[in-house]
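A short write-up of the structure that comes next.
Convention: sequence-line order gives letters A, B, ...; per-chain numbering from 1.
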2 protein chains.
Amino acid sequence: MEKDKIDKKDHILDVAEKVFSDKGFDGASTRLISSEAGVNMAMLNYYFGSKEGLFLAIFDRKISSFQDILQNIGNDDTIGSWDKMDRYIELYSERVVNNNCFQKLLYQEMSINRRSDLSDKLRDILMKNVSELFKILQEGIDNGEFKKDTDMQMVIATMYGTKNFIVNTPLMSSALLGYDIQDDKNIEDKLKPHLKSFFKSLLKTYLLNDHEHAN
Amino acid sequence: MEKDKIDKKDHILDVAEKVFSDKGFDGASTRLISSEAGVNMAMLNYYFGSKEGLFLAIFDRKISSFQDILQNIGNDDTIGSWDKMDRYIELYSERVVNNNCFQKLLYQEMSINRRSDLSDKLRDILMKNVSELFKILQEGIDNGEFKKDTDMQMVIATMYGTKNFIVNTPLMSSALLGYDIQDDKNIEDKLKPHLKSFFKSLLKTYLLNDHEHAN
DNA sequence: TTGCATTAATCAATCGTTTGATTAATTTTG
DNA sequence: CAAAATTAATCAAACGATTGATTAATGCAA
């Protein structure tokens, strides 16, 4: 059955995503991945051609669902710029703290510069997501809701960086925050609300003009 | 001569630091490192025992100079909390944007889950640096200079995360900031001042109580 | 039976490491 | 001081292990 095959490939991709994010590309052997996935080693090559093919397939799978999630917030004319920002923070914090092992993989790959074609591709995709945030910020500045001297680039770097730091160095951030951020329950109950409320509070004071502070 | 030996070991460590940070631990072969350093392969084992020994030696060398740089800012009684924060931002931005290939290595290692003993060690060292920042923040809150509801943990995650994001994903951050952050001149002329002024501006609005805003 | 899925066995290549030999430097000895 | 003895540094070559990949044989459903 075609369905079974897809499920199997998907299962392999799930496992590979996890193992790659734990060990890195070079540290994750095909033998380990296949045994973790409960399939014969040759199946990886049979399905994905090569180890690199498997690796790329992980990204291909995600990329399709990766795009438009954060898009089209900026196109809503009925709400103000801060409310858009608020919504972006909500969605971003939600999305990103899930798939955290893919996020880890993504930034590992962007940090090491091996497959430069892939890196470029990932950069472009991320920049596309970033552009939505740009739009929101620019609009807020133009309509006077945000401060004129807002450093948009750095605001973006701050959001992405802070999230990455927490997700990608769990040992460090768990020690810092005082709870295990690898635990799913803690992620849901503590980390997500924590991240959201901090981002809102931080950016509200930074972005909003004084006359808006009352809100 | 003893000096030559130290210089040689130091040279190997320099090269290894660069290669490891480029390729990751598993991606960097001992053959590549030794050929880049212009020494025989066996010398790596002769000097450092093993590949892992070489890797650890990189950290040992840095760690000694790593410690006290950011320390003792908090102990100065003659300046206010924000001024201490200001000074921390200055030093942190300076230090960190230099040795950026070590920083890359450091967070690569903390991201991957391999030698947990090393990871723990690195976490402890970083937490020690963090504690100085904690001290400054706590003091500022206690003396009323900073807001009572300051999220200290997240402020720290933001500073470390934002810097990491910029340094560790140069492809992304160069596209975002609009200049090549791998270029030494750009680092000095643009990135450092940029980072400093943003951190100050961002944290000033977030940390300071309203009656301090005039400053 | 035919075609795809799956397996164990095997491949060459590369890995980190070790070896034994050789050279250079240092120390000891007469 | 000079010769001998010892130690340290360096090298090419080879080691066993592991890597990603391939093969040929088998299983199995249509």
Worksheet item: Rounded to the nearest Å, what distance is computed from the CZ atom of residue A:F48 to the P atom of nucleotide C:dA5?
Response: 13 Å
Practice prompt. Take atom CZ of B:F25 and atom P of D:dT19, then tell me their distance rounded to the nearest Å.
Written response: 14 Å
Practice prompt. Calculate the interatomic distance between A:K9 atom NZ and C:dT6 atom C1'; express it in whole Å.
Written response: 15 Å
Worksheet item: Honestly, is A:K51 close enough over A:F25, meaning NZ or CZ under 6.0 Å from the six-membered ring centre and within 45° of the axis?
Response: yes
Response to the item:
Picking from C:dT17, C:dT19, C:dT7, the nucleotide nearest the side-chain atoms of A:A42 would be C:dT7
Worksheet item: Can you check the B:K23 NZ to C:dG16 P distance for me, whole Å?
Response: 12 Å
Item to complete: Taking only the side-chain nitrogens and oxygens of B:K8, find out if one of them lies under 4.0 Å from OP1 or OP2 of D:dA9.
Response: no
Discussion item. So, OP1 or OP2 of D:dG20: does either fall under 4.0 Å of a side-chain N or O from A:T30?
Written reply: yes
Worksheet entry | Closest nucleotide among C:dT18, D:dG20, D:dT10 to the B:N45 side chain | C:dT18
Worksheet item: Looking only at heavy atoms, what is the nearest atom pair of B:M159 and B:F199, with distance?
Response: O-CZ, 3.7 Å
Worksheet item: Should A:Y47 be listed as having a side-chain N or O under 4.0 Å from OP1 or OP2 of C:dT6?
Response: yes
Item to complete: For the pair B:D22 and B:K18, find out whether any cationic side-chain nitrogen is under 4.0 Å from an anionic carboxylate oxygen.
Response: yes
Practice prompt. Describe the nucleic acid contact of A:S29 in one word from base, sugar-phosphate, nothing, applying a heavy-atom distance below 4.0 Å.
Written response: sugar-phosphate
Fill in: Under 4.0 angstrom between B:N40 side-chain N/O and D:dT10 OP1 or OP2
no
Worksheet entry | A:M41 CE - C:dA9 P separation (whole Å) | 12 Å
Discussion item. Can you measure B:K51 atom NZ to D:dA17 atom C1' for me and round it to whole angstrom units?
Written reply: 14 Å
Worksheet item: Please give, in whole Å, the distance from D:dT18 C1' to B:R31 CZ?
Response: 13 Å
Item to complete: Report the distance from atom CE of A:M43 to atom C1' of C:dA8, rounded to the nearest whole Å.
Response: 14 Å
Fill in: A:K135 with A:E139: basic N within carboxylate O range, under 4.0 Å
no
Worksheet entry | Charged N-O contact under 4.0 Å between B:R61 and B:D10 | yes
Worksheet item: Using a cut-off of less than 4.0 Å, is there contact between a side-chain N or O of A:Y46 and OP1 or OP2 of D:dA21?
Response: no
